[in-house]
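Just below is one structure, and these are the notes that go with it.
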Amino acid sequence: MTARQQESGLEELLAAKEIVIACGPGGVGKTTVSAALAAGAAARSGGRVLVLTVDPARRLADALHVEGLGNEARRVPASAFAASGVRPKGELWAAMLDTKQSWDALVHRHAPDAATARQILDNPLYRNITGRFARSHEYIAMERLYELHAEGEYDLLVVDTPPSHDALDFLDAPERMAEFFGSGLLRWLIAPYRSRLVSLASRPFYQVADRILGTQFLEDVGEFFLLFQAMYDGFAARARSVSALLREAQTTFMVVTTLETVPALEAGRLAAELAARRLHLGLLVANKVLPASFRDPDAAAVADALQSDAEHLARGLAGSRAGRKSVVPGDPTELRRVLEEVGRSFADFRLVAQREAEVLEEMAAAHQVTVTVPHLARDIVDVGGLLEIGARLFEGVQRPSGGSA
Amino acid sequence: MSGLLDRRLVFVTGKGGVGKTTVAAALGLLASSRGRRALVCEMEPKGDVAAAYECGPTGFVPRKVGEGLFAMSMDTEASLREYLRLNLRIPTIGRIGPVASAFDFVATAAPGVREILTVGKLCYEVRERHYDLVVVDASATGNIVGQLAAPVGINELVRVGAVRSQTQWMLEILGDPALTGVCIVATPEEMPVNEAVDLARRLRDETGVDLAAIVANRVLPELFGRSEEEAFETLASGEGPAALAALVGREVDPVQEVLDAARLAVRVRRSGAEHLGRLREAVPSDVPLLILPYLFGRAHGPRAIRLVADSLAEELGE
């Protein structure tokens, strides 16, 4: 495989795809990697690239110029690229997911008339459901993705998924949402509210539920679902379309993880789950990886010497030799401590780097699309930082058989 | 202010990936090693606590994992069954299925219902004095406020019924700082600290639950003092690396790698210290900030839990 083919691996993949969905365990830098992929894509290929973030860190939001923005996409100015000497071939756009705004838009779209929409939006349960319904965020992120894709404004959509305890929740979210609003249980629940007659079948449930929750509350719930049912057909059809989009050929998934044991295990499970569902894993990113130099045996030998021979070395560095002034003037005791600390710190991180290498080897053996991004000592504060990570993604992808998917 | 381990119910929360489970498991281990009967309960039954203790799968019925140490996983349906049996004297043998799924349905729609059952179960264990300390490996920052505020919320939504009458005693347990506290875990990074600060505020504004402690997890050691840092900078620049290479009898490249590595460690540590400073400033000064060192040798499993428990003991100084 030539270097050139290696370089083009990710570009080829993205040329064939319209949607990249980033997923992975919490705390691994999904949002940053998503933004970096989008920035890299915008820099390298012509076209409009949108990154849809969920909850970016303030400085990342600043870097993307999306601070305080809602669903409305905003273009990251070309000047933000220019600061790092890059003239992007395409355009980078960024938007932040506003869950409530997206839900409200959904209600307006599917309600049969404005009055019903108003009633739903005013229902006290509506806010609670949309705010806290399990998978509500997951669903709405996928729903937004569908809408953006349907609008056809962008050549590439990179979507960061919301943090959730199960990283694949969002995959099931559309179906579950459709199930939830279309289930027999829902009709069961609404029936007594409608007719004030408790059917024979639902009586045992109501007897228990009344004792636990009280009739008034159940009626509130019933009213809400009755209103919501008016939207059901449009809603369910939409959820099915959203679900289908995730499975289509133009959609690929990017699993992001660190090489710490627990997140890496979860990422492995995720990748397996994607495969089991016949979803396309385009890229597996090992983020925040310690540099390979930590595993250099020569460097390890130096670190050992610094620890074991610190006193001698400190004297050598502090003392003046053969007519030259001392290399590190100052207190040799202090310098000795510095040398010991430097050596010890290296040995500490070396342990971590060795563990990471072990994990990475397994990961790369299982997934040919594995790419690593080094641990950066700084938070990402500008597009330059994103491009730096983006470069690692684009240059690091080695795809089998000369880069074809 | 009560010490963390003197309480009866401690919720451990924080952004995903900061080490909530590790801290919760270590708190349980520490309490039990001090002769207190401890229960560690994971709210999201993913098996994380079982993995931490390497004790085999955990379920709704607590499993003994050590002397005076028990682990369980929350289960809403099992919790409902127990609730019905204990509070309403409803026999549920074999009949729970349809009721539970219907209930599950209502619980999904009506926020607070599920939480009342799960948080209620924890409060119940405290009230019945089955354990001296219940440590909860709680939900991530995004969900914990909803859980802890549920008894208040349910009072507003449900005007009559058994659930309402059950919330009062729960509120008394949750709202008593001598009994209950929240422990927020953060790593010294931007987002975990942001979420910790935000959660501390929301706990105060939206729940009556006391913030017992902040845990800064995976904190890197300080390599140098100020004057040592100057010495390091001199060593790492100019002719320093070459001179050092000559002294250790090695090429200059590996020497440079070792020096670069130290610089990386210093930078990461410094950026972390900034975030921790921000955290300290944002949280009331009477809330202890417990520092847990980064574990280079072991990152998970019983050995890591033991090391974290030792660090916690040192930090708590009790």
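Note: hydrogens, waters and symmetry copies are ignored here, and every other heavy atom, side chains too, is used. Lettering of chains follows the sequences in order, A, B, ..., and the numbering in each one begins at 1.
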Practice problem: Show your working on side chain to side chain contact (heavy atoms under 4.5 Å, CB included) between B:Tyr294 and A:Asp348 and close with a plain yes or no. | Solution: CA-CA 10 Å; B:Tyr294 187 96; A:Asp348 280 344; over 6 Å; no
Quiz item: Can you list the steps and then say if B:Leu247 with A:Asp309 is a side chain to side chain contact (heavy atoms under 4.5 Å, CB included)?
Solution: CA-CA 10 Å; B:Leu247 280 167; A:Asp309 207 15; over 6 Å; no
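Interatomic distance, A:Asp296 CG to B:Asp253 CG, rounded to the nearest 0.5 Å: 8.5 Å. Between the CD atom of B:Glu228 and the CD atom of A:Glu341 there is a distance of 7.0 Å, given to the nearest 0.5 Å. Expressed to the nearest 0.5 Å, how far CZ of B:Arg298 lies from OG1 of A:Thr261 amounts to 9.0 Å. In this structure, CZ in A:Phe346 is found 11.0 Å from CG in B:Leu264, a value given to the nearest 0.5 Å. Between A:Glu340 atom CD and B:Leu223 atom CG the span is 12.5 Å, to the nearest 0.5 Å. Atom CG in A:Leu335 sits 11.5 Å away from atom CZ in B:Phe232 (nearest 0.5 Å).
Both the backbone and the side chain of B:Leu244 come within contact range of chain A, judged by heavy atoms closer than 4.5 Å. Interface remark: A:Val262 contributes side-chain atoms only to the contact with chain B (heavy atom separation under 4.5 Å). At a 4.5 Å heavy-atom cutoff, B:Glu233 makes no contact with chain A through either its backbone or its side chain. Proximity to chain A (any heavy atom under 4.5 Å) is shown, for B:Ser227, by both the backbone and the side chain. For A:Phe294, the part lying under 4.5 angstrom from a heavy atom of chain B is the side chain only. In this structure, no portion of A:Arg350 lies under 4.5 Å from any heavy atom of chain B.
The residues B:Glu189 and A:Lys288 are annotated as salt-bridged, a charged nitrogen and a carboxylate oxygen being separated by less than 4.0 angstrom.
Most heavy-atom pairs under 4.5 Å with chain A, from the set B:Gly240, B:Gly17, B:Ala262, B:Gly297: that is B:Gly297. Counting heavy-atom pairs under 4.5 Å between each of B:Gln256, B:His275, B:Glu230 and chain A puts B:His275 at the top.
In this structure, B:Ala243 and A:Leu317 approach most closely via the heavy-atom pair CB-CD2, 3.9 Å. Taking both residues in full, the closest heavy atoms of A:Glu334 and B:Ala231 are given as OE1-CB, 4.1 Å, listed atom of the first, atom of the second, then distance. Nearest approach of B:Ala265 to A:Ser345, heavy atoms of both residues: CB-OG, 3.7 Å.
Checking side-chain atoms of B:Arg267 against main-chain N and O of A:Leu376 turns up no donor-acceptor pair under 3.5 Å.
Side-chain contact check for A:Val338 versus B:Glu229: every heavy-atom pair is 4.5 Å or farther apart. With a 4.5 Å cut-off on side-chain heavy atoms, A:Asp298 and B:Glu251 do not count as touching.
No more than 12 heavy atoms of other residues, nucleotides or ligands sit less than 6.0 Å from atom CD of A:Glu358.
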